[in-house]
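Since the structure comes first, as structure tokens, the remarks are kept for the end.
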Amino acid sequence: VQLQASGGGLVQSGGSLRLSCEASGINLETYAVGWFRQAPGKEREGISCLSSSTSDGGTYYADSVKGRFTISRDNAKNTAYLQMNSLRPEDTAEYYCAVAPGYGCYDALSMYGLDIRGKGTQVTVSS
């Protein structure tokens, strides 16, 4: 399993970015996919999870991003996305994608079942 996160960059507060997570070696549709982030000096935070198509789970968002971020998956491209709108300086972090086969996302605890693979992509939001 290989995941390639990309799409990070420098953006002003209130701006938008779309992160991509391209998967290889797996059929991403049958995996749950999620996003984590970690800012310097802070603990890693699980922010969103999209269930596998083979599970009965749904979609989870942390309160810190709910209403601003949207997770999605393009099965044809074997790629997941995180659309980030209304960005704030506190969203500055390294962002990582993660997967789990046949997994369902229900709540914050669901994030613990995901496996981070590959390098992250840096998002910096200026005030």
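Because the structure is predicted, anything quoted here is derived from the model rather than measured. Position 1 is the first residue of the sequence; numbering continues from there.
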| Min side-chain heavy-atom separation Leu3-Glu22 under 4.5 Å | no
So, do Gln122 and Thr92 sit near enough that their side-chain heavy atoms are less than 4.5 Å apart?
yes
Would you say the side chain of Gln83 lies within less than 4.5 Å of the side chain of Leu17, judging by non-hydrogen atoms? no
| query | Do Asp74 and Thr79 get their side chains close enough for a donor-acceptor pair, meaning under 3.5 Å? | reply | no
Does CD in Glu94 sit with more than 12 non-hydrogen atoms of other residues, nucleotides or ligands closer than 6.0 Å? yes
Minimal heavy-atom distance between Phe36 and Ala98, with the atoms involved, is CE1-CB, 3.7 Å
> So, does Thr121 use its side chain to make a donor-acceptor pair with the main chain of Gly8 at under 3.5 Å?
Replying inline: yes
Evaluate side-chain hydrogen bond (donor to acceptor under 3.5 Å, both in side chains) for Ser64 paired with Glu45, printing each intermediate quantity in order. CA-CA 10 Å; Ser64 57; Glu45 179 187 15; 2.7 Å; yes
Note: Arg88 and Ser13 closest approach over all heavy atoms is CA-OG, 4.3 Å
Does a side-chain heavy-atom distance below 4.5 Å link Ser110 with Tyr103? yes
Output for pair (Tyr60 OH, Leu109 CG), nearest 0.5 Å, gives 8.5 Å
Residues Ala100 and Leu114: closest non-hydrogen pair is CB-CD2, 3.7 Å
| message | Measuring only between side-chain heavy atoms, which start at C-beta, is Val99 closer than 4.5 Å to Val1? | response | yes
Tyr31 versus Asn78, side-chain donor and acceptor atoms under 3.5 Å: no
Note to self: Within the structure provided, determine whether Met84 and Tyr95 are in side-chain contact (heavy-atom separation under 4.5 Å).
What the structure shows: yes
Open item on the list: With clusters defined by side-chain heavy atoms of hydrophobic residues (ILVMFWY) lying less than 4.5 Å apart, directly or transitively, does Val123 cluster with Ile116?
Closed with: no
Side chain Arg73, main chain Ser51, donor-acceptor under 3.5 Å: yes
Do Cys21 and Trp35 come close enough that some side-chain heavy atom pair is under 4.5 Å? yes
- Cluster overlap Val33 with Val65, hydrophobic side-chain contacts below 4.5 Å: yes
NZ (Lys66) and CD1 (Ile47) are apart, to the nearest 0.5 Å, by 13.0 Å
- Query: Taking the six-membered ring of Tyr96, is NZ or CZ of Arg44 closer than 6.0 Å to its centre and within 45° of its axis?
  - Reply: yes
Closest heavy-atom pair, Ala39 versus Ala93, reported as atoms and distance to 0.1 Å, is N-CB, 3.8 Å
So CE of Met111 and SG of Cys105: to nearest 0.5 Å the spacing works out to 7.0 Å
Do Tyr81 and Arg18 have a side chain donor and acceptor closer than 3.5 Å? no
So CZ of Arg117 and CD of Gln4: to nearest 0.5 Å the spacing works out to 14.0 Å
All heavy atoms of Cys97 vs all of Ala5, minimum pair found to be SG-CB, 4.1 Å
Judged by atom type as modelled, is there a donor-acceptor pair below 3.5 Å linking the side chain of Ser86 to the main-chain atoms of Gly14?
-> no
So CG of Leu50 and CG of Leu82: to nearest 0.5 Å the spacing works out to 11.0 Å
Worksheet item: Tell me, do Thr59 and Ile71 make a side-chain contact under 4.5 Å, heavy atoms counted?
Response: yes
